[in-house]
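Below is one structure; the comments refer to it alone.
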Amino acid sequence: MRYASTRGQSPVTDIDLALEAGLAPDGGLYVPMHIPQLAKAAPWPDLASAATAILSPFFTASRLCERLPQLCTEAFNFASPLRHMHGERDFLLELFHGPTAAFKDYAARFLAASLAALRDNTAPTRTIMVATSGDTGAAVAAAFHRRAGFRVVILYPQGRVSPRQAHGLECWGENIHTLRIAGSFDDCQRLAKTALSDSELRARLPLGSANSISLGRLLPQIAYYGHNACTFFAEHGQRLNFIIPTGNLGNASAAFLARQMGLPVGDIHLACNANDTLPRFFQGQDYAAQTTRATLANAMDVGAPSNFERLRYWHDSDAELRSAISASSSDDATIRAEIAAAHTHHGITPCPHTACGLAALHTLRKAGDHRPWAVVATAHPAKFESIVEPLTGQTIPLPAALAKSLARPAQGEPLANDYSALRQWLLALPSQG
Ligand SMILES: *Cc1c(COP(=O)(O)O)cnc(C)c1O
């Protein structure tokens with residue numbers, strides 16, 4: 001498989017180079033030259049086997065090809081259970097059973113394992129740049145912590161993540177550096193992108209990306225959609241439809257790829273928060289990136305979703321894209337109401353992001369949709385206890401992995417929302433370690 005840039009101005013490359021580069025040299029996002037077909041896929045016994053089968057066609061001609069089963073076993077070592085919520089057709093796809101209790105653990109672990117396997121032991125330390133609206137940074141930090149030859153620089157918007165999320169970003173040390181930026185997530189993302197496209201900087205400091213713009217983050221996410229959709233299809237003879245809490249559009253792009261590969265994924269609905277750039281587009285308005293607004297579902301506080309560029313690339317027109325995917329938005333009052341109602345009526349405690357998904361499901365049901373839908377539960381509610389607990393009146397038990405990271409001391413540094421400040425900070429890093 002070969003990979004091209006969405007902007008068409010970069011040389012076609014292979015997956016190994018695309019993984020190491022993150023962003024294409026022309027500032028575009030890497031995309032596979034064609035989408036492999038897996039229509040005859042049988043249900044797989046577990047997620048790691050599904051991941052191996054689904055990812056294999058993307059890794060032909062890769063140095064990782066033969067090690068793929070091992071990499072998938074390492075990365076996909078926690079389950080993605082599809083739970084009945086209530087009734088016969090409402091499901092919750094729980095993706096938060098990993099080390100930092102968010103779905104991003106899957107892809108971060110796969111990317112870290114892949115980059116480590118690709119690494120030449122004599123190469124200089126590679127600095128992975130990651131802008132985070134809360135969960136990415138922790139997942140990437142956990143995945144790269146103490147991996148020889150790698151260092152991670154996390155940029156997160158100061159004051160815009162929950163206290164537990166902030167701790168989860170700052171609790172690592174050693175090869176993980178955490179910078180609190182006086183700005184929004186979009187500012188952090190812009191800083192990271194600017195560094196990654198600064199060729200003079202890259203010549204002095206080998207960089208890499210771990211944001212959802214990286215193919216190494218996007219592709220592994222196809223696995224849990226494919227695995228659960230195939231299992232569901234084998235049992236029910238029906239496609240499973242997905243409601244996906246959406247910010248930067250990485251997770252939903254993976255669901256879209258799963259469907260394009262011929263896997264039995266049905267409709268895809270994007271559940272956004274008050275940052276409604278995507279709902280506006282999918283409801284027919286021209287695409288217009290917006291200034292980010294802070295909401296209770298902060299990992300989705302994105303006004304200019306990066307992966308939109310990929311979705312546009314995969315469609316001939318905006319009209320075609322609008323017929324492939326739908327979207328809706330929930331404000332903070334709706335998020336609060338959904339959390340309280342889910343707890344009272346169904347004994348479920350969703351995180352604020354998952355609550356946007358539940359709100360979208362309610363709207364679909366009210367409109368008379370009777371098909372099976374899985375709301376993707378993107379994070380464990382214990383990460384957002386300061387929002388969720390007052391609404392449910394109950395303490396959320398802490399998953400073991402979160403308890404462990406909260407027990408470590410926090411260590412982060414403030415940095416101005418200014419590229420020259422970041423550049424200077426990066427150039428002062430030691431060349432090794
Ligand atoms: C990152 C994140 C999202 C949004 O996922 P995208 O791939 O950016 O669309 C939703 N919920 C949680 C909990 C997240 O961490």
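We count ligands from 1, going down the list as the structure has it; atoms in each ligand are counted the same way. Predicted, not measured: the structure shown is a model, and the values here were computed from it. Numbers here are sequence positions counted from 1.
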Are Phe91 and Trp373 an aromatic pair, judged by ring center distance below 6.0 Å?
no
Backbone of Ser306 reached by a side-chain donor or acceptor of Asn248 within 3.5 Å
yes
Do you know which two heavy atoms are closest between Ala271 and Ile243, and how far apart they sit?
CB-CG2, 3.9 Å
Before we go on, tell me: are the rings of Phe76 and Tyr106 under 6.0 Å apart, centre to centre?
yes
Check the angle between the aromatic planes of Tyr287 and Phe281 and answer parallel, tilted or perpendicular using the 30° and 60° thresholds.
perpendicular
Below 4.0 angstrom, N of the basic side chain to O of the carboxylate: do Arg146 and Glu174 qualify?
yes
Ligand-protein N/O pairs under 3.5 Å (ligand 1):
| residue | atom | partner | partner atom | Å |
| --- | --- | --- | --- | --- |
| ligand 1 | 7 (O) | Gly250 | N | 3.1 |
| ligand 1 | 7 (O) | Asn251 | N | 2.9 |
| ligand 1 | 8 (O) | Asn248 | N | 2.8 |
| ligand 1 | 9 (O) | Gly247 | N | 2.8 |
| ligand 1 | 9 (O) | Asn248 | N | 3.2 |
| ligand 1 | 9 (O) | Leu249 | N | 2.9 |
| ligand 1 | 11 (N) | Thr378 | OG1 | 2.8 |
| ligand 1 | 15 (O) | Lys104 | NZ | 2.5 |
| ligand 1 | 15 (O) | Asp135 | OD2 | 2.6 |

